[in-house]
Visitor: 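Input: one structure, supplied below.
For the single chain, residues carry numbers from 1 onward in sequence order. Note that these values count all heavy atoms, side chains included, but never hydrogens, waters or copies made by symmetry.
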Amino acid sequence: MKKLKKIGFAALLAAFLFTCTACTDSVSDTKETSHSEEGKEQNAGEEDALFVHYIDVGQGDATLITCGEDAMLIDAGNNDKGTAIQMYLESQNIDSLKYVIGTHPDADHIGGMDVILTKFDCETVLLTEEEKDTATYRDVVDAIRYRNCKRIAPGVKEQYILGNASFTILGPVELCDDSNDNSIAILLEHGENRFYFEGDASEKEETEILETGIDIQADVYKTGHHGSKTSTSDELLASVNPTYAVISAGEGNSYGHPSAEVLNKLRAGHIQVFRTDEQGTIVAESDQSSITWSCSPSESWQAGEPKGSDSEETGANESQTEEEPTAKSQHQNTDEQSEEVVHITESGRKYHQTGCSYLKDSDIEITRTEAESRGYEPCKKCH
């Protein structure tokens, strides 16, 4: 007998405020719940529940996972999304993160991570050994050093504990020249429920994951590479065999995400699809035996429309539009510098970049435009 449930009010309200997207109450199929102890409440208490927040960061990825008192962030959107993600985490009463995972060093995945690492206590940061000669990557490395975070390059089959849940590293099996195929992929388990994440892994890494022999069947599949046709191979999808899929993509993005090919596969498999480009931030709640959602599945099946000459056909990805290694804005592209987020102190008259040693006593975020209008000048040490 399948049940209907509603997600916790606090999580739903926060998701609504963050995205300004009206979601209907969840009416989703769930697996049957059973409890062995007589008199135990039918729904697990919030302290035992796991929440997966697929945060709407436009064309990028950011996922907050909480279980009990533990929290984890997978990716942090593009350079201009750090403060928005910070505010979302604060709305969830997050003041520390047990794990931060940067799936791979493309700007749309780690762009806002320097802000998060600076603003929150982060116990362990999981990054591969791949390095990238960009300002975005250097900002993240500088933030790790500034906050003295523990950095780990995870290995396949390693397991980590998150509250009463756990996750297993699935990839990358080995590093290669394509950053997308160096994505950290994980399988998150909470009781009977399983969630699969693979960053921007393409068919190459998906094949390598399958060859490890790890059982990757999952209830929820976070589609690879924002729903690009370069990911979600037939073999991978058959092995995951999900009930639900979540696509994180920006509304009207120029890459044509999600692709019609992937949507057709999901539709043919009778998989219920949730999309941040249509529905904003989406929250899944697991009580170890059932999964409920903050909104109903999408019914549009509308594919993205690539705006470049061959951006989707050639498998183009965000890494090709990553900023060049310059000393320019760490939060915006050159033509958007007016909205760059900088940092000032309570007593100083200079503005600084994240991680500057002059910010140890106080750190106030402000836009560069506003800082300059108030008479602040760039710090010669960090600019």
Side-chain angles (χ1 to χ4, degrees), residues 14-15 18-19 53-66 71-92 94-97 99-122 125-127 132 134-147 149 151 179 183-184 197 199-200 222 226 248-251 253 276-277 280-281 317-319 321-323 325 328-334 336-343 352-356 359 363-368 382:
F18 179 77
T19 63
H53 304 246
Y54 300 91
I55 305 174
D56 177 17
V57 290
Q59 185 62 20
D61 266 354
T63 305
L64 169 68
I65 302 168
T66 64
M72 171 171 74
L73 184 69
I74 304 175
D75 290 331
N78 223 316
N79 288 299
D80 60 342
K81 300 300 181 181
T83 300
I85 296 173
Q86 173 193 342
M87 294 173 63
Y88 186 82
L89 267 58
E90 290 173 346
S91 77
Q92 297 297 305
I94 302 296
D95 55 20
S96 64
L97 294 160
Y99 307 103
V100 173
I101 298 178
T103 57
H104 63 298
D106 282 358
D108 61 319
H109 289 257
I110 66 165
M113 193 164 289
D114 56 332
V115 174
I116 301 304
L117 294 174
T118 302
K119 296 297 184 180
F120 297 88
D121 291 331
C122 302
V125 180
L126 278 65
L127 295 171
K132 203 161 191 177
T134 62
T136 294
Y137 178 76
R138 290 194 299 273
D139 288 341
V140 172
V141 173
D142 288 345
I144 292 173
R145 292 171 179 165
Y146 172 63
R147 292 303 301 268
C149 300
R151 176 175 174 174
S179 185
S183 293
I184 294 176
F197 303 84
D200 279 357
K222 170 72 169 48
H226 320 289
S248 178
E251 182 179 7
N253 68 85
T276 62
D277 62 332
T281 293
N317 58 64
E318 290 75 11
S319 65
T321 60
E322 172 80 85
E323 76 273 34
K328 294 180 180 178
S329 167
Q330 61 182 359
H331 291 281
Q332 296 284 0
N333 293 326
T334 305
E336 298 174 333
Q337 278 190 350
S338 61
E339 293 304 316
E340 176 187 354
V341 176
V342 295
H343 306 261
H352 311 266
Q353 291 188 358
T354 300
C356 182
L359 298 173
D363 183 354
I364 302 169
E365 282 195 352
I366 191 173
T367 66
R368 180 172 178 172
C382 61

Visitor: As an exercise, state the distance from CG of N79 to OG1 of T134, rounded to the nearest 0.5 Å.
Guide: 8.5 Å
Visitor: Taking the side chain as C-beta and beyond, is there a heavy-atom pair between T66 and Q92 under 4.5 Å?
Guide: no
Visitor: Quick one, I65 and F197 - any side-chain contact, counting heavy atoms below 4.5 Å?
Guide: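 Sidechains of F197 and I65: in contact.
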Visitor: Do I55 and L64 come within less than 4.5 Å of each other through their side chains, counting heavy atoms only?
Guide: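 In short, these two side chains touch, coming nearer than 4.5 Å.
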Visitor: Who pairs with D95 by side-chain hydrogen bond (donor to acceptor under 3.5 Å, both in side chains), at least two apart in sequence or on another chain?
Guide: none
Visitor: Are the side chains of V341 and V115 in contact, using a 4.5 Å heavy-atom criterion?
Guide: no
Visitor: Going by the rule salt bridge (charged side-chain N to carboxylate O under 4.0 Å, His left out), which residues pair with R151 if we only count those two or more places apart in sequence or in a different chain?
Guide: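 With sequence neighbours excluded, R151 shows a salt bridge (charged side-chain N to carboxylate O under 4.0 Å, His left out) to no residue whatsoever.
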Visitor: Test D106 against K132 for side chain to side chain contact (heavy atoms under 4.5 Å, CB included), laying out the working first.
Guide: CA-CA 8 Å; D106 282 358; K132 203 161 191 177; 2.5 Å; yes
Visitor: Quick one: list whatever passes side-chain hydrogen bond (donor to acceptor under 3.5 Å, both in side chains) with R145, sequence neighbours left out.
Guide: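 With neighbours one apart ignored, the set is empty.
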Visitor: Does T103 have any side-chain hydrogen bond (donor to acceptor under 3.5 Å, both in side chains) partners at least two apart in sequence or in another chain, and if so, which?
Guide: D75, H109
Visitor: For T276, which residues count as a side chain to side chain contact (heavy atoms under 4.5 Å, CB included) partner, sequence neighbours excluded?
Guide: D56, S248, I282
Visitor: Test side chain to side chain contact (heavy atoms under 4.5 Å, CB included) on F120 and R147 and set out the steps.
Guide: CA-CA 9 Å; F120 297 88; R147 292 303 301 268; over 6 Å; no
Visitor: With a 4.5 Å cut-off on side-chain heavy atoms, are H226 and D108 touching?
Guide: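 Answer yes - side chains close enough.
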Visitor: Quick check for you: to the nearest 0.5 Å, what is the distance between L97 atom CG and C122 atom SG?
Guide: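 Reported value, rounded in 0.5 Å steps: 4.5 Å.
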Visitor: Do V140 and V125 have side chains that get closer than 4.5 Å, going by heavy atoms?
Guide: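 They are not in contact (no side-chain heavy atoms under 4.5 Å apart), so the answer is no.
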Visitor: With heavy-atom distances below 4.5 Å as the criterion, would you say the side chains of I74 and K222 are in contact?
Guide: no
Visitor: With sequence neighbours left out, what residues match Y99 under ring-ring contact (aromatic ring centres under 6.0 Å, His included)?
Guide: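 For Y99, the residues satisfying ring-ring contact (aromatic ring centres under 6.0 Å, His included) (neighbours in sequence not counted) are Y160, F167.
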Visitor: Restricting to non-hydrogen atoms, name the atom on I116 and the atom on A76 that form the minimum distance, rounded to 0.1 Å.
Guide: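 That would be CG1-CB, 4.4 Å.
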Visitor: What's the spacing between L73 CG and D61 CG if we round to 0.5 Å?
Guide: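 It comes to 10.5 Å.
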Visitor: For residues V57 and A62, report the shortest heavy-atom separation together with the two atoms involved.
Guide: CG1-CB, 3.8 Å
Visitor: Could you check if a side-chain atom of M113 sits within less than 4.5 angstrom of a side-chain atom of I85, using non-hydrogen atoms only?
Guide: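 Answer no - side chains too far apart.
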Visitor: Can you name the side-chain hydrogen bond (donor to acceptor under 3.5 Å, both in side chains) partners of E251, sequence neighbours left out?
Guide: none
Visitor: So, for A71 and S96, which heavy atoms are closest and what is the spacing to 0.1 Å?
Guide: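 A71 and S96 have their closest heavy atoms at CB-O, 3.9 Å.
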Visitor: Quick check for you: to the nearest 0.5 Å, what is the distance between I110 atom CD1 and N78 atom CG?
Guide: 10.0 Å
